[in-house]
Every structure is written in C-alpha cells, then in structure tokens.
Amino acid sequence: METRKVYLDNSATTKVDEKVLKAMLPYLTNLYGNPNSLHKWGREAHKGVDKAREQVSELINSSPNDIIFTGSGTEADNLAIKGTAFALKDKGKHIITSAIEHHALLNSIKWLKKIGYDYTILPVDQYGLVDPKDLENAIRPDTILASIMFGNNEIGTIEPIAELGTICREHGVLFHSDAVQAAGHVKIDVEKLPIDMLSIAAHKMYGPKGVGALYVRRGIKLTPIIHGGGQEFGVRAGTENTSGIVGFGAAAELAAARLVNGEMENETRLRDKLINGLLERIPETQLTGHGSQRLPYHASFCVKYIEGEGMLLLMDAAGIAVSSGSACASGNLEPSHVLLACGLDHATAHGSVRLTLGHTTTEEDIDYVLEKFPPIVEKLRLMSPFYDKKNKN
Amino acid sequence: METRKVYLDNSATTKVDEKVLKAMLPYLTNLYGNPNSLHKWGREAHKGVDKAREQVSELINSSPNDIIFTGSGTEADNLAIKGTAFALKDKGKHIITSAIEHHALLNSIKWLKKIGYDYTILPVDQYGLVDPKDLENAIRPDTILASIMFGNNEIGTIEPIAELGTICREHGVLFHSDAVQAAGHVKIDVEKLPIDMLSIAAHKMYGPKGVGALYVRRGIKLTPIIHGGGQEFGVRAGTENTSGIVGFGAAAELAAARLVNGEMENETRLRDKLINGLLERIPETQLTGHGSQRLPYHASFCVKYIEGEGMLLLMDAAGIAVSSGSACASGNLEPSHVLLACGLDHATAHGSVRLTLGHTTTEEDIDYVLEKFPPIVEKLRLMSPFYDKKNKN
Amino acid sequence: MYNEKVVDYFMNPRNSGKMENANAIGEVGNPVCGDVMKIYLKVNDDHVIEDIKFETFGCAAAIATSSMVTVMAKGKTLQEALRINNKDVTAELGGLPPQKQHCSLLAQEGIEKAIVDYFARRGEELPEGLLFPSTAVKCGRNCCGDKAKKIEEEPFISDNHRATE
Amino acid sequence: MYNEKVVDYFMNPRNSGKMENANAIGEVGNPVCGDVMKIYLKVNDDHVIEDIKFETFGCAAAIATSSMVTVMAKGKTLQEALRINNKDVTAELGGLPPQKQHCSLLAQEGIEKAIVDYFARRGEELPEGLLFPSTAVKCGRNCCGDKAKKIEEEPFISDNHRATE
Ligand SMILES: Cc1ncc(COP(=O)(O)O)c(C=O)c1O
Ligand SMILES: Cc1ncc(COP(=O)(O)O)c(C=O)c1O
C-alpha cells in the first residue's frame with residue numbers, strides 16, 4: 001500500500017488527458033506545417049489551430065475570434081494588464097486589483113507602477129472575498145481596468161464576478177478576470193457575465209503546459225507584449241504552438257463535457273469528504289478560503305504548529321502530492337500573500353497545505369490520504385516547539 | 001510521381017524529429033508534474049527541464065544557467081530587446097539594428113520608439129550584408145544595444161557577427177543576435193564570439209513549435225516582459241512548457257551531433273545542386289542573398305515577371321512546399337522588407353521564392369523540384385503582361 | 001484559404017494569354033503593388049465582345065478574377081460588360097478571402113479601361129449613357145500607393161484588427 | 001532538491017523532542033519567518049553535553065540541520081560545541097540548496113543560545129575564552145526581519161538573480 005500514488009496537486013498542474021494527447025500527436029508528427037504558410041502543410045496546421053480556437057471559445061461561450069492563444073496563463077494575464085495599460089494610456093493610468101491575485105497579475109502592476117502607472121489593491125475578507133463596494137469606491141476617473149480573479153489558486157475562493165463586473169461596466173472600466181484555476185471546472189459564460197477579458201490555461205484542465213489563452217471581448221484593442229509577425233490577430237506574435245493549441249482545444253472540449261454531465265459534482269463530493277475527514281482527524285486545523293463558494297476540486301488548510309514544507313515532503317514520501325504556501329515551500333521568505341491577505345498570522349500561514357483533486361481522483365485515493373495525513377501531522381507536531389508549549393499550557 | 005511530397009519550407013518550420021518526440025512523450029504522459037512543485041512529480045519535471053537546459057547550452061557552448069526558455073523565437077527577441085531597453089533605460093535609449101531583421105525585432109523597436117526610445121536601422125548591401133563600419137558609425141553615447149541577426153530567414157545571408165560584436169564590445173554596447181535560423185545549422189560558440197544575447201527556437205531545428213530560448217551572458221540583467229512567478233531565473237514567468245523544453249533539449253543535442261558529423265555538408269551540397277540547377281533551368285532568375293556566406297540549407301530567388309504566390313500554389317499542387325516574400329504570399333500589401341532592403345525593385349521582389357532544405361531532404365527530392373519548377377514558372381510567365389512585353393521588345 | 005473554384009480558375013485559367021488581333025487593350029494596376037492586369041478585347045461593330053483575353057501579374061486571386069471576368073464578359077455587349085460588378089465576379093468565384101477582395105476591383109477596372117481604349121482607338125467619343133462604375137467610385141481597396149505613403153512612418157506594423165500600438 | 005542525507009535527517013530525526021531534565025534551553029528564530037528552533041541541553045559539571053534534544057518549527061532543512069547539530073554536539077564540551085560552525089553542519093549533511101543555507105545558521109545559534117542559558121541559570125558569568133562565533137558575526141542570512149521591511153515597498157518581487165525591474 002505504501003506504493004500508492006495519489007496526485008492531489010491539480011492546482012499546480014494536471015496530467016494531460018489521453019484523448020488530449022491523441023489529438024496533439026498528429027501535430028507533433030505529420031501535420032508539422034507552420035499555420036502561417038500557404039501550402040498544404042500550412043493549411044493543415046491552420047485548420048488545427050482554427051478548430052482549437054472554436055473548442056476553447058465554446059468552453060466559455062465566446063466567439064472564436066475573441067480567443068488569443070498565449071504561451072501560458074501568466075502570459076495571458078500579462079497581456080490583459082499591460083496590453084490594456086499601454087493601449088489606454090491616454091485615457092488613464094490607474095488599475096484596480098485584489099490582494100490575492102496570482103503573481104502574474106501583481107508583479108505586472110508593480111512593474112507598471114515603476115513606469116508611471118498607479119494601482120489600488122483591494123483587501124479581502126477572511127474567506128478571501130473581495131467586497132464589491134470596495135471596488136466601487138476604488139474606481140477613479142483615471143481607472144482604466146480592474147482585474148479580479150475568478151477562483152483563487154491557494155484558497156479556492158470564487159469571487160463574486162458578476163457583481164464586480166457589473167460595477168466596472170457601470171463605470172466604463174474594463175474588467176479582466178484570471179480564470180486560470182476556474183475555467184474548465186466551473187461554468188463560465190462570457191456572454192452572460194460582464195467580463196471583458198478572461199485568462200485561461202490548458203495545463204490546469206488536463207491539457208499541455210505551455211499554452212494559455214486570453215479571451216478579449218470584440219472591440220477591445222490591446223497593445224501586444226510580444227511584437228512580431230501578425231499571428232493571433234496581431235496581438236501575440238510568434239509561430240503558433242500548434243500541438244499545444246490543438247491539445248488545449250481538445251482539453252477544453254472534454255472539460256465542457258464534464259461540466260455538462262455532472263462529473264464535477266462527484267469531484268466536489270470527494271473534496272468535501274476530504275475536507276470534513278481531515279478537519280475531523282486533525283485537531284487545530286482550519287479550512288482556508290470560503291466554505292462553499294470555492295473551486296469544486298480545491299481543499300486547503302492551515303495546520304497549526306508546523307510548517308508546510310515538512311508536511312509536503314512527508315506526504316510525498318507516502319506517495320501523495322500536495323502543495324503548500326509556506327515560505328519554505330514557495331521558495332520565498334514570506335508565506336503566501338494570499339493567506340496573509342485573509343488575515344492569517346505568519347506562523348499559521350506557514351502551516352498551509354493544499355490538496356487539489358482531479359477528474360481521476362478516486363474514493364480510495366481520499367481514504368488513503370485520510371489515513372496517511374494525520375500521523376504525518378502528529379509526527380511533525382511532536383517535533384514542534386509550539387505544540388510542546390501548547391501541551392504545557 | 002505526382003504524389004511525391006517534398007517539404008522545402010524548413011525556414012518556416014521543421015518536422016519534429018522522431019527522437020525528439022520520443023524524448024517529449026514521457027512529459028506528456030507520466031512525468032506531468034509542475035517543475036516548481038517540491039514533490040516527486042515536480043522534481044521529475046524539474047530534472048527534465050534541467051537536462052534540456054544543459055543540452056541547449058551545449059549547442060552554443062554556454063553555461064546552462066545562461067539559457068532562458070521562452071515560448072517562441074519571437075518572444076526571445078522581444079525579451080532581448082525590450083528587456084534590455086527597460087533594464088538600461090537610465091543608461092541610454094538608443095538601439096541599433098538592421099533593415100533585414102525579423103519583424104519580432106523591428107516591431108519591438110518600433111513600439112519602443114512610441115514610448116520614448118530611439119533607433120537606427122542599418123542598411124545592407126545587395127547581398128544583405130551589414131557593413132561593420134556602418135554599425136560603428138551609428139553608435140552614440142546613448143546606445144545601449146545593437147541587434148544584428150545571425151542568419152537571415154528570407155535570403156539566407158550570414159552576417160559578420162564576430163566583427164559586429166567586437167565593435168559593440170569596444171564601445172560598451174550590448175550585442176544581441178537573432179540566431180533563430182542559424183542555430184543548429186551553423187556552429188555558434190558564444191564563448192568565442194562576442195555575443196551577449198542570442199535568440200534561438202526549437203521548431204527551426206526539428207524540435208516542437210512553441211518553445212524558444214534566449215541566451216543571456218552572465219551578469220546581464222533583463223527586465224522581464226512576462227512577469228509572475230520566479231520561473232527561468234525570474235526573467236520569464238509562467239509554468240514551464242516541460243514537454244516542449246525537453247523536446248528542445250533533444251533537438252539541440254541532435255543538431256549538435258549533426259554539426260559535428262558533417263551532415264550539414266551534404267545538405268549544403270544538395271542546396272547548391274538546387275541553386276545551380278534552378279539558375280540554369282529558369283532564365284532571368286537571380287539568387288537572393290549572399291552566394292557563399294549563407295545558411296547551409298537555404299536557397300532563395302527572385303523569378304522575373306511573375307508573382308510569388310502563384311509559384312507557391314502551383315508548387316504546392318505538385319506536392320512541393322516553398323514560401324515567398326511576395327506581398328500576396330505574406331498577407332501584407334508590401335513585398336518583403338528584406339528584399340527591398342537589398343535594393344530589389346518592387347516588381348522583382350514580388351517574384352520571390354524560397355526553398356529551404358531539411359536534414360531528410362534527398363537527392364531525389366531535389367531532382368523532382370528541378371523537374372517540376374521550370375514548367376510552373378513558364379506557365380505563369382505565359383500569363384504575365386511583363387513577360388509578353390519582354391518578348392516583343 | 002482559396003475555395004475550389006478560385007483554385008480551378010487559377011490553375012486552369014480561361015482566356016489567358018495574348019491576343020494578336022485585339023482592337024482594345026486595358027492595362028491596370030501597378031507592378032509596385034504586385035498586381036497588374038491586361039485585358040485584350042476583340043469587339044465587333046455591334047459593340048459585342050467577340051473575344052477576350054487577359055494577362056495578369058499577381059497572386060492567385062488576381063489571376064482567378066481576371067479569368068472569371070473574361071468568362072463573364074465574353075459575348076456581352078460593352079454596355080452589359082460594364083455592368084459586371086466586382087462583387088459579381090467575387091460571387092461567381094464563390095468568394096475570396098478578405099485580404100484578396102481588392103483583386104476583383106482590378107478585374108472590373110481592366111474591362112473598363114479596355115472599353116475606353118476601344119473608343120479611343122476608333123477616335124470616337126465615349127457613347128452617352130455608358131456607365132463606368134469603378135471610375136465613378138473612389139478606389140475602395142487598400143491601394144498600395146496609400147500603403148507606400150504609410151510605410152514611411154510605420155514600415156513594419158502588420159495588418160490586423162485587434163492590436164493597437 | 002535535498003540530498004539523501006538531508007532527507008534522512010529530516011525523515012528520521014535524531015534527538016528530536018522535548019527533554020524533561022534539561023539544564024539549558026536555547027530558543028532562536030521567529031515564527032513570523034517560519035523558522036524556530038529550541039535546543040535542550042543536559043550539561044554535566046565538566047561542561048560536557050551529556051544529552052541534547054531539539055524541537056524545530058520550520059522546513060525540512062531546518063529540521064535536518066537541527067538534528068545534525070545535536071548529533072555533532074552530543075558528548076562534546078561546551079567549548080568544542082561552540083566550534084561547530086554552520087558550514088560544518090551543512091558540510092556534514094552533504095550540502096543544502098542555496099536558499100536553505102540560512103537554516104544552518106539557526107542551528108549554530110541555537111547551540112550558542114543554550115550555552116548562554118546554561119551559565120545564566122547557574123548564575124555564572126560566561127567563562128573567559130568561550131567564543132560565540134555567530135553573535136560576533138553579523139547575521140548573514142536574508143533575515144525575515146529585513147525582508148519584512150522590504151515588503152512594504154515591493155511586496156511581490158520574487159527572489160532572483162537575473163531579473164531587474
Ligand atoms: C530570423 C527569425 N527570427 C525570429 C523568428 C521567430 O521565431 P518564432 O517563429 O519561434 O516566433 C523567426 C521565425 O519565424 C526567424 O526566422
Ligand atoms: C490563478 C492563476 N493565475 C495564473 C496562473 C499562471 O498560469 P501558468 O502557470 O500557465 O503560467 C496560475 C497557475 O499557476 C494560477 O493559478
């Protein structure tokens with residue numbers, strides 16, 4: 001049983017679905033043309049990219065021509081933020097975002113600030129929720145863009161996108177949402193939602209790494225961040241990653257089907273079993289993020305008195321992949337900015353652990369984790385100076 | 001015989017080598033971790049990326065840590081140009097480049113100009129060569145960077161990189177070279193050459209599309225164009241395209257071996273057979289670019305009195321993939337800026353056609369092209385009002 | 001990119017080549033732009049186009065539209081031929097890619113120019129009532145002349161509908 | 001990331017846990033930074049460390065270095081124990097990743113602090129000649145205190161050696 005392998009780090013990345021790989025393989029073998037070439041090889045490749053554009057657009061109910069393929073979710077975020085900032089620089093230079101965004105967002109606006117832009121970072125409550133009133137209050141005459149993520153990668157919280165987007169629309173401010181974690185896992189309809197731009201990535205929905213997309217509502221013009229040939233409607237230059245894009249298309253189609261046929265409900269059930277099981281078995285542990293308004297595959301905790309990296313490595317030794325927002329695990333000296341933004345103190349935040357399910361996660365996998373995790377925590381706690389103190393007091 | 005397929009558009013993109021695909025497949029199946037994750041899945045993926053970094057660095061004789069993986073050759077060019085421009089903005093804002101660079105370069109500097117930078121575009125002679133004296137004369141006190149391509153994609157000319165780089169070094173100006181067409185096909189040693197940055201791309205050397213790299217000499221700091229997590233030494237954020245990067249590594253290793261074992265010489269021999277054969281068989285046709293200082297796989301011509309797209313499509317109908325820098329074929333209204341920069345008049349430039357060989361091109365392929373191409377030209381010429389005039393006069 | 005009919009008219013052009021006994025020739029376009037079309041007419045005394053040929057320097061769309069316009073004009077009176085609209089030519093070909101639409105204008109202009117030449121050669125005035133649609137209409141295509149001017153400022157900005165600089 | 005020996009010392013820590021009859025305790029680090037180490041000593045009258053234990057809140061490297069330092073110090077005199085340099089601990093573990101080097105400083109500091117505590121508890125002055133290497137040396141690691149200050153200006157700039165903003 002020690003050799004069981006349970007991958008619960010699907011927020012970091014997912015395994016490429018076999019059907020996705022099958023769709024990709026022709027573009028890694030015989031259909032190797034450059035989609036920009038006029039000859040047969042090029043036209044075949046172009047057809048593959050076109051089909052993928054349709055598949056991805058169907059996942060979010062957009063028009064295919066509103067999809068710009070990029071090299072990652074990060075690049076999609078950068079294109080949305082910087083592309084808008086440069087395009088609208090004569091209109092204004094103020095951008096609003098939240099304290100729990102991905103670094104792709106936050107580091108982009110920090111950089112923009114260095115070159116003359118300004119931003120407001122909205123706080124979140126203990127569950128990681130942005131208050132739409134805060135957004136409304138932050139809007140200034142020179143605000144050009146607000147960007148609030150759809151679902152958070154570290155704590156799973158799903159933001160009130162409809163309300164946030166509506167406020168932006170009322171004030172004539174463009175609204176971008178980073179849906180890298182949410183797309184393919186929760187229903188997103190850009191026709192119904194007041195979203196102007198949406199970032200997504202293939203590798204978070206069983207597609208390949210190295211391909212993302214930005215949905216851009218018709219009529220919005222962006223300044224490219226990668227200049228060159230006229231690929232992707234002139235917004236993102238560079239020879240297309242044909243196999244990756246085709247894989248993204250296939251993954252999007254499969255994800256759309258899962259959303260329709262109710263597979264996510266089973267995933268959510270397993271997730272809730274995991275959450276409840278761990279909270280029962282491991283005392284002095286709290287769920288991070290929102291209890292119900294959360295990504296269906298996402299469970300995240302702070303375990304008191306111990307540090308995340310240790311849990312991660314001992315779980316790994318037990319064959320279980322998890323992640324942590326602790327300082328050590330993230331390679332930074334600070335624990336996750338998301339956890340701190342939710343009001344957790346540093347010591348608690350260092351005890352963060354995230355378990356994110358996938359569409360192939362089984363009941364047995366969850367049982368295995370519920371069996372293995374508590375003794376690991378106990379082992380680390382017995383080494384902790386804080387746990388000791390606690391017992392004494 | 002009509003069904004023979006001859007792909008002579010290897011400058012546009014190449015077919016993924018079977019060995020490359022074999023190296024990639026594990027990273028599209030079981031080794032699906034995110035290289036940033038600490039657990040086993042992550043460490044395995046990390047190892048793959050590390051190995052690829054070594055393989056790519058060996059191709060150009062750099063240190064592995066000097067290789068930044070990107071999402072395309074275009075992105076590598078953008079990172080070099082904009083990354084330097086932003087990093088050195090307090091030092092100066094003047095950039096020098098040549099008239100025959102790829103759009104990735106030229107459109108990047110055009111954009112930089114809009115935000116307050118300045119540039120000088122060096123002319124080329126009829127063979128597409130930059131004169132090192134022109135470079136020296138263009139250097140100003142505020143010049144921070146010069147970028148001259150290694151080998152040109154449209155006309156195959158190889159620039160005098162050693163001389164150009166030496167001048168830059170003497171003047172304390174950083175020197176970047178776009179080697180997207182050259183790397184893997186000609187020997188490049190960044191230890192021996194005075195090159196500070198070098199752009200390369202996997203898909204031009206039988207690797208996958210959607211992955212490039214920028215070599216950055218140790219000590220040079222760049223401002224990222226894609227901000228986010230700390231991937232690629234903090235210079236290029238975004239979850240790594242693991243399978244693509246691993247494929248790049250394998251492709252680089254294979255290319256390095258080909259350079260050593262003399263395979264390129266055979267390719268050059270076939271190329272020369274093609275060049276000489278076509279010049280003999282098709283009157284009033286000129287080779288574009290330099291006769292000997294050219295990429296070993298590259299043949300390019302201007303065929304008088306006719307337009308490139310027609311040739312391309314009729315060749316395609318004969319099973320042969322070629323490209324053209326004509327206005328129509330390029331989707332622009334202008335013929336190739338490269339051909340115009342070499343002093344060709346518009347009408348002649350519209351008759352451009354490029355045939356670029358690959359490592360699997362055979363003698364029979366060349367014979368087939370030598371048989372099929374001349375009557376295609378004749379067919380189009382018989383429809384041309386200029387050819388007609390010519391015969392009358 | 002091109003539909004089958006366009007490809008057919010490009011690969012197997014109808015009425016291509018020179019005409020020795022033409023009594024009218026129209027040449028339009030500009031080699032700088034990469035599109036030049038020459039239309040040869042043999043017009044009889046009833047102003048019926050008895051024979052028509054074309055020569056074209058240009059892309060596949062230019063060749064296909066040239067060919068199609070000759071097919072459409074053959075046997076028609078000059079008056080009727082002038083009614084062949086560039087949209088009709090495109091429609092008859094089953095459509096052209098957006099960036100190739102302008103080629104069909106060239107075909108229409110070629111016919112017009114040849115008809116003007118017909119009367120000029122005969123030393124006749126243009127008959128009253130003859131309508132020349134395209135010369136009346138301002139050139140709607142992205143003329144390469146316009147482009148050439150723009151080139152000075154922004155030589156390398158590619159054509160696209162989404163990016164702004 | 002970690003070598004086998006580090007993993008071993010983390011997975012199977014030597015001398016971990018509380019010590020009931022310690023006669024010296026040193027606690028260093030800061031929970032804000034994610035690294036706290038507590039060293040328990042049982043020192044005999046000859047100033048020999050008869051027993052030693054640790055408790056650590058921190059990453060695997062912190063636990064492994066804590067464990068290693070206890071192994072190295074056990075049976076040594078206080079004087080000898082003070083000579084255990086953080087580099088020795090790292091070397092004994094076969095090396096640590098660059099960003100984890102600072103953990104070994106913590107281990108060294110823990111021993112020092114406990115030794116100070118030993119004399120303090122006995123109401124004795126620190127013996128002359130005892131050398132406290134790390135308190136003499138300015139803290140070389142990226143202290144989280146420093147970092148916390150920097151955070152105010154640049155909360156999200158990641159740690160790297162290649163990028164400039
Ligand atoms: C010389 C040159 N530079 C840059 C590029 C762009 O590379 P990529 O196609 O990977 O974006 C190309 C290829 O199109 C090229 O030929
Ligand atoms: C919310 C969020 N945004 C952006 C990204 C970045 O996407 P990618 O990893 O494709 O660069 C991620 C994933 O790491 C994410 O979780």
Side-chain angles (χ1 to χ4, degrees), chain A residues 7 9 12-16 21 24 28-29 32-34 36-42 70-75 77-78 86 102-104 107-108 110-111 115 201 203 208-211 223-230 237-244 309 312-313 315-316 321-323 329 331, chain B residues 7 9 12-16 21 24 28-29 32-34 36-42 70-75 77-78 86 102-104 107-108 110-111 115 201 203 208-211 223-230 237-244 309 312-313 315-316 321-323 329 331:
Chain A
Y7 183 77
D9 200 8
T13 196
T14 57
K15 181 174 181 179
V16 174
L21 179 58
M24 292 172 71
L28 289 167
T29 49
Y32 59 88
N34 184 322
N36 308 296
S37 297
L38 292 182
H39 45 63
K40 183 178 81 67
W41 288 259
T70 66
S72 64
T74 295
E75 189 189 332
D77 283 343
N78 274 257
F86 285 117
H102 191 268
H103 285 148
N107 285 344
S108 288
K110 304 274 160 193
W111 177 71
I115 60 166
H203 75 104
K209 281 170 261 299
V211 51
T223 298
I225 56 175
I226 300 178
H227 288 85
T239 297
E240 294 87 344
N241 176 354
T242 47
S243 67
E309 194 200 74
L312 191 162
L313 293 176
M315 291 286 270
D316 182 40
V322 304
S323 79
Chain B
Y7 183 78
D9 200 8
T13 197
T14 57
K15 180 173 182 180
V16 175
L21 178 59
M24 293 172 72
L28 289 167
T29 51
Y32 59 89
N34 185 321
N36 308 295
S37 298
L38 293 182
H39 45 63
K40 184 178 79 68
W41 288 259
T70 66
S72 62
T74 296
E75 188 189 333
D77 283 342
N78 275 256
F86 285 117
H102 191 267
H103 284 148
N107 285 344
S108 288
K110 303 275 162 194
W111 177 72
I115 61 167
H203 74 105
K209 281 169 261 300
V211 51
T223 298
I225 55 174
I226 300 179
H227 288 85
T239 297
E240 294 87 343
N241 177 356
T242 47
S243 67
E309 195 200 75
L312 192 162
L313 293 175
M315 290 287 269
D316 183 39
V322 303
S323 79

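The shown structure was predicted, so the numbers you read here are calculated from the model rather than taken from an experiment. In the text below, chain A, chain B and the rest are named by the order of the sequence lines, each starting its count at 1.
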May I ask you to name which of Gly71(B), Pro208(B), Ala104(B), Gly42(B) has the most heavy-atom pairs under 4.5 Å with chain A? Ala104(B)

On a heavy-atom basis, the closest approach of Asn107(A) and Gly228(B) is ND2-O, 2.8 Å

Give me the one residue out of Asp77(A), Asn78(A), Ile225(A), Thr74(A) that meets side chain to side chain contact (heavy atoms under 4.5 Å, CB included) with His227(B). Asn78(A)

Can you find a heavy atom in the side chain of Trp111(B) that is under 4.5 Å from one in the side chain of Thr223(A)? yes

Within the side chain of Lys209(A), is there an N or O that forms a donor-acceptor pair under 3.5 Å with the backbone of Gly244(B)? no

If I measure from the heavy atoms of chain A, does Met315(B) come under 4.5 Å with its side chain, its backbone, both, or neither? neither

Chain B heavy atoms under 4.5 Å from Ile226(A): which part of the residue, side chain, backbone, both or neither? both

From Asn241(A) CG over to His203(B) NE2, what is the distance, rounded to the nearest 0.5 angstrom? 10.0 Å

Could you tell me the separation between the CD atom of Glu75(A) and the CD atom of Glu75(B), rounded to the nearest 0.5 Å? 5.5 Å

Atom of Leu313(A), atom of Leu38(B) and distance for their closest heavy-atom approach: CD2-O, 4.3 Å

Can you name the closest pair of heavy atoms from Ser72(A) and Gly238(B) and give their distance? OG-CA, 4.1 Å

Where on Thr70(B) is there a heavy atom nearer than 4.5 Å to chain A: the side chain, the backbone, both, or neither? neither

Answer whether the closest heavy-atom distance between the side chains of Val322(A) and His39(B) falls below 4.5 Å. no

Taking all non-hydrogen atoms of both residues, which atom of Asp316(B) and which atom of Lys40(A) are closest, and how far apart? OD1-N, 3.0 Å

Between atom OG of Ser243(A) and atom CG of Leu21(B), what is the distance when rounded to the nearest 0.5 Å? 9.5 Å

For Thr13(A) and Asn34(B), the nearest pair of non-hydrogen atoms, with its separation, is CG2-N, 3.4 Å

